[in-house]
Amino acid sequence: MKATFAEGQLLPAPEQELATKVLHIQSKRFYLDVKQNKRGRFIKVAEVGPSGRKSRLLLAMSSALELRDHLTAFSEIYASLGPPNPDNLPEDGKLKSELMVKENRRYYLDLKENSRGRFLRISQTITQGGPRSQIAIPAQGMIEFRDALTDLLEEFGTDDGITFGFKGNLPEAHHMRVENKNFYFDIGQNSRGVYMRVSEVKNNFRTAITIPEKSWSRFRDTFAEYVDKMKDTADPSNESGK
DNA sequence: GCGGCGG
């Protein structure tokens, strides 16, 4: 993801954490974090293995909803399966597959079987053949995983905030240097609509206000009003009032 | 207490 703050600032892209759920499935822990940034709302799924090995996956809310529905279907198939039978298994070990596409992301869902048992492999790529991130959910935990997703979707909605609002792309972030301060203007969007964030960055601290789109013209008018008032009252001999 | 067949 493109950084919001250029100019070598080491600030992370502003991101809000809305909720976290932790699932313990066999030897693994899964963290489901609902987050939002200026591009919208999403769920970060992190798998932590017993060795501490971590892998993560990002899902737009709409993809999380789609996954939730697939999980229902996958768990029904899993429930209908007989005992594992290595002799009667497809070469690739895949018992059922689904594909999800969201913008430039592809998610491959595979119910697989190996000597350890059955599991759902979810892998995500951005460009085909490019880097892949993946998690593996023990098949016994698919229902629990689905129920956790359902809870989060009910509480935080299924809308990414990307597909509505502005037609086309959002404007690029804008940077302005004033004396020793840096100001940034960026446009964001969430389920409540479009907003402009004005940030002041100084010594690696950021303060910001978030202005809903509906009020932009009032802000502009109020701003202009003050600029004009100050011009009217400015001492003409004082150049700094310009 | 795992562990998930690639380039």
Side-chain angles (χ1 to χ4, degrees), chain A residues 1-2 15 17-35 41-156 158 160:
Chain A
M1 188 185 142
K2 186 159 64 73
E15 199 174 80
E17 269 219 37
L18 303 179
T20 298
K21 271 185 187 290
V22 187
L23 306 180
H24 296 264
I25 300 177
Q26 297 184 350
S27 65
K28 293 177 175 176
R29 276 169 298 147
F30 292 89
Y31 294 86
L32 309 186
D33 299 328
V34 183
K35 298 186 162 204
R41 203 171 269 191
F42 58 96
I43 297 182
K44 186 181 93 180
V45 180
E47 171 193 320
V48 182
S51 62
R53 170 101 185 100
K54 233 181 196 179
S55 41
R56 38 169 52 83
L57 209 66
L58 299 184
L59 294 160
M61 298 309 270
S62 61
S63 302
L65 177 66
E66 204 179 333
L67 172 60
R68 200 278 309 262
D69 294 337
H70 284 310
L71 280 169
T72 301
F74 274 105
S75 50
E76 277 166 12
I77 288 168
Y78 169 63
S80 74
L81 257 30
N85 179 1
D87 304 327
N88 176 12
L89 196 64
E91 190 59 36
D92 56 7
K94 293 176 183 173
L95 302 165
K96 177 189 168 59
S97 298
E98 286 286 355
L99 173 67
M100 307 196 303
V101 178
K102 171 69 179 179
E103 287 162 16
N104 56 353
R105 294 205 160 103
R106 301 170 86 81
Y107 299 88
Y108 300 88
L109 313 181
D110 298 296
L111 182 63
K112 302 189 71 179
E113 180 179 315
N114 64 16
S115 57
R116 290 272 182 196
R118 289 163 174 157
F119 58 97
L120 181 71
R121 149 81 75 232
I122 306 175
S123 57
Q124 180 222 324
T125 61
I126 296 187
T127 51
Q128 201 187 355
R132 170 177 57 189
S133 49
Q134 48 185 19
I135 60 173
I137 305 167
Q140 295 86 336
M142 288 193 295
I143 300 263
E144 189 182 347
F145 197 96
R146 183 202 61 186
D147 292 345
L149 274 184
T150 301
D151 288 349
L152 293 173
L153 288 164
E154 277 174 2
E155 187 169 357
F156 295 98
T158 58
D160 313 328

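Values below: all heavy atoms of this structure, side chains included; hydrogens, waters and symmetry mates excluded. Throughout, protein chains are lettered first and strands after them, A, B, ... in sequence-line order, and every chain is numbered starting at 1.
The distance from atom CG of A/L89 to atom C1' of B/dC5 is 12 Å, rounded to the nearest whole Å. Distance CD (A/Q140) to C1' (B/dC2): 12 Å, rounded to an integer number of Å. As a whole-Å value, the separation of A/R29 CZ from B/dG3 P is 15 Å. Atom CZ of A/F30 and atom C1' of B/dG4 are 11 Å apart (whole Å). One atom, NZ of A/K94, and another, P of B/dC5, lie 10 Å apart when rounded to the nearest Å. One interatomic measurement links the two molecules: NZ of A/K112 to C1' of B/dC5, which rounds to 7 Å at whole-angstrom precision. One can place CD1 of A/I25 at 15 Å from C1' of B/dG1, the figure rounded to the nearest angstrom. Separating the CZ atom of A/R116 from the P atom of B/dG3 is a distance of 5 Å, rounded to the nearest angstrom.
Within 4.0 Å (heavy atoms only), A/E113 reaches no atom of the nucleic acid at all. Note on A/G117: a base of the nucleic acid sits closer than 4.0 angstrom, heavy atoms only.
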Could you walk me through whether A/V34 and A/R41 pass the side-chain contact (heavy atoms from CB on, under 4.5 Å) test, one step at a time? CA-CA 7 Å; A/V34 183; A/R41 203 171 269 191; 4.2 Å; yes

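Contact annotation: side chain of A/Q134 to base of B/dG4, donor-acceptor pair absent below 3.5 Å. Between the side chain of A/K28 and the base of B/dG4 there is at least one donor-acceptor pair of N/O atoms closer than 3.5 Å. Judged by distance alone, with hydrogens and angles left aside, A/S115 brings no side-chain donor or acceptor close enough to the base of B/dG3 to form a pair under 3.5 Å.
Minimum atom distance to the side chain of A/R132 is reached by B/dG6, of the listed B/dC5, B/dG6, B/dG3.
For the pair A/K96 and A/F74, the cation-pi test (distance below 6.0 Å, angle within 45°) is passed.
Between A/L149 and A/R146, the closest side-chain pair of non-hydrogen atoms is not below 4.5 Å.
Between the side chain of A/E15 and the main chain of A/K35, no donor-acceptor pair closer than 3.5 Å is present.
Residue A/R53 places no side-chain N or O under 4.0 Å from the OP1 or OP2 atom of B/dC2.
Within a 6.0 Å sphere centred on CD of A/Q128, other residues, nucleotides and ligands contribute 12 heavy atoms or fewer.
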